[in-house]
Amino acid sequence: MRILFATSNPNKVEEASIVLELSGHRVEQLLVEGVPPDFKEPKELGLEAVAGAKIEQALELIHGTEFEGSAIMVEDSGIFLDAFENWPGAASSDVEREIGLEGLLEMLTDNRQRGAEYRAVAIVSDGVVTWSSTGVCRGRISETVRGVQGFGYDPIFIPDEGDGRTFGEWGEGKRSEITHRARAMNRLADLLNSPSR
Ligand code: ITT
């Protein structure tokens, strides 16, 4: 199936392509008149609500265009720190911009818990049928910023299923076996490929 991924984040498109192409799907970034969508996100309501708002806006955006009827995908994701309740979660991109990775590390001094997890909610819809899934990747926050791979919080996130390196120190291929996004996309692929869909 050709899946148009409505996102402004090329890193998400790359990872989704790696995972979904293994299940026989083709992922392309949705560009309407050459521009990726700019969604209004009700971040205070959490990842599920934001993903739901994104798919509604994406379907609205392609209404009456050549893309109407295509399978559209959206994804909302974030990092959740055990030391805080439900934070930064859906506000991860704002917190990354406003506080930064170094600022966040400073907030975790004084023996605060360092456990954390990435979560993702992914939705595909062709305007008639909708499929959704979630994925989680557990890990902990490093003491220092390490590595330049990936994006966002990757230079301070050490996945439990790794060898102690941050995702910022991982190569792209390997990471897409265990990330929250890969897990959500793999579940979506199962749903899309199931005979009862
Ligand atoms: P779209 O909304 O256009 O899809 P975005 O990058 O703004 O793109 P989100 O609103 O879902 O996406 O915000 C996700 C943020 O969560 C992202 O900017 C990072 O700060 C963090 N994040 C999520 N997944 C991540 C990952 O795999 N690696 C590093 N940081 C991640």
Backbone N/O of Ile72 and side chain of Ser70: donor-acceptor pair under 3.5 Å: no
Where at least one partner belongs to residues 28-64, residue pairs that pass ring pair (Phe, Tyr, Trp, His ring centres under 6.0 Å), sequence neighbours excluded: none
Nearest heavy atoms of Ala16 and Met185, plus distance in Å: CB-SD, 3.9 Å
Gap separating the CG atom of Leu188 from the CZ atom of Arg181, nearest 0.5 angstrom: 12.5 Å
From CA spacing to verdict: side-chain contact (heavy atoms from CB on, under 4.5 Å), Phe84, Leu108: CA-CA 10 Å; Phe84 305 97; Leu108 290 180; 3.9 Å; yes
Taking every non-hydrogen atom, the tightest pair across Ser23 and Asn193: O-ND2, 3.4 Å
Minimum side-chain heavy-atom gap Pro42-Glu44 below 4.5 Å: yes
Flag, side chain of Thr109 to backbone of Glu106, donor-acceptor distance under 3.5 Å: yes
Any residue meeting side chain to side chain donor-acceptor pair (under 3.5 Å) with Arg187, in chain and number order, not counting sequence neighbours: none
Test side chain to side chain donor-acceptor pair (under 3.5 Å) applied to Ser125 - qualifying residues, sequence neighbours left out: Thr130
Heavy-atom neighbours of Glu85 CD exceed 12 at 6.0 Å: no
Least distance between heavy atoms, Ala51 atom then Val74 atom: O-CG2, 3.6 Å
Test item: Thr134 side-chain N/O and Val121 main-chain N/O as donor-acceptor pair under 3.5 Å: no
Cluster check Leu191, Leu22: I/L/V/M/F/W/Y, side chain < 4.5 angstrom: no
Validation row: Ile123, Glu56 side chains within 4.5 angstrom (heavy atoms): no
Residue pair Gly135 / Ala184: nearest heavy atoms and the distance that separates them: N-CB, 3.7 Å
Hphob cluster co-occupancy, Leu4 + Val129, side-chain heavy atoms under 4.5 angstrom: no
Nearest-0.5 Å distance that lies between atom CE in Met73 and atom NE2 in His25: 10.0 Å
Pairing residues for Ser8 by the side-chain contact (heavy atoms from CB on, under 4.5 Å) criterion, not counting sequence neighbours: Pro36
Spacing of OG1 belonging to Thr166 relative to CD1 belonging to Ile156, to within rounding of 0.5 Å: 9.5 Å
Salt bridge (charged side-chain N to carboxylate O under 4.0 Å, His left out) partners for Arg146, two or more places apart: Glu169
Closest contact, heavy atoms only, Ala71 versus Met1: CB-SD, 3.7 Å
Validation row: Leu104, Leu81 side chains within 4.5 angstrom (heavy atoms): yes
ILVMFWY network linking Val35 to Val32, side-chain heavy atoms under 4.5 angstrom: no
Partners passing ring pair (Phe, Tyr, Trp, His ring centres under 6.0 Å) against Tyr118 (at least two apart in sequence or in another chain): Phe157, His180
same_hphob_cluster(Leu101, Phe151) at 4.5 Å side-chain heavy-atom cutoff: no
All salt bridge (charged side-chain N to carboxylate O under 4.0 Å, His left out) counterparts of Glu161, not counting sequence neighbours: Arg183
Spacing of Asp76 atom CG and Glu41 atom CD [to the nearest 0.5 Å]: 5.5 Å
Partner set under salt bridge (charged side-chain N to carboxylate O under 4.0 Å, His left out) for Arg140, not counting sequence neighbours: none
Side-chain (Gln149) to main-chain (Phe167) donor-acceptor, under 3.5 angstrom: no
Contacts of type side chain to side chain donor-acceptor pair (under 3.5 Å), residue Asp38, not counting sequence neighbours: none
Nearest-0.5 Å distance that lies between atom CH2 in Trp170 and atom CD1 in Ile178: 3.5 Å
Check: Lys54 side chain, Glu75 main-chain N or O, donor-acceptor pair, under 3.5 Å: yes
Pair Ile3-Leu192, side-chain contact (heavy atoms from CB on, under 4.5 Å): steps then yes or no: CA-CA 11 Å; Ile3 299 172; Leu192 293 171; 3.9 Å; yes
Partner residues of Glu28 under the salt bridge (charged side-chain N to carboxylate O under 4.0 Å, His left out) criterion, sequence neighbours left out: Arg2, Arg26
Validation row: Leu105, Arg114 side chains within 4.5 angstrom (heavy atoms): yes
Reported CZ-to-CD1 distance for the pair Arg175 and Ile18, which is rounded to 0.5 angstrom: 9.0 Å
Side-chain (Lys12) to main-chain (Thr7) donor-acceptor, under 3.5 angstrom: no
Between side-chain atoms of residues 86-99 and protein atoms elsewhere (two or more places apart, or another chain), which donor-acceptor pairs fall under 3.5 Å?
residue: Ser92; atom: OG; partner: Ile79; partner atom: N; Å: 2.9
residue: Ser92; atom: OG; partner: Gly89; partner atom: O; Å: 2.6
residue: Asp94; atom: OD1; partner: Lys43; partner atom: NZ; Å: 3.2
residue: Asp94; atom: OD1; partner: Arg97; partner atom: NH2; Å: 2.9
residue: Asp94; atom: OD2; partner: Lys43; partner atom: NZ; Å: 3.3

Single-linkage hydrophobic cluster, 4.5 Å side-chain cutoff, Val128 and Ile55 together: no
Residue pair Ile62 / Gly69: nearest heavy atoms and the distance that separates them: CD1-N, 4.5 Å
Non-neighbouring partners of Arg119 that pass side chain to side chain donor-acceptor pair (under 3.5 Å), sequence neighbours left out: Glu117
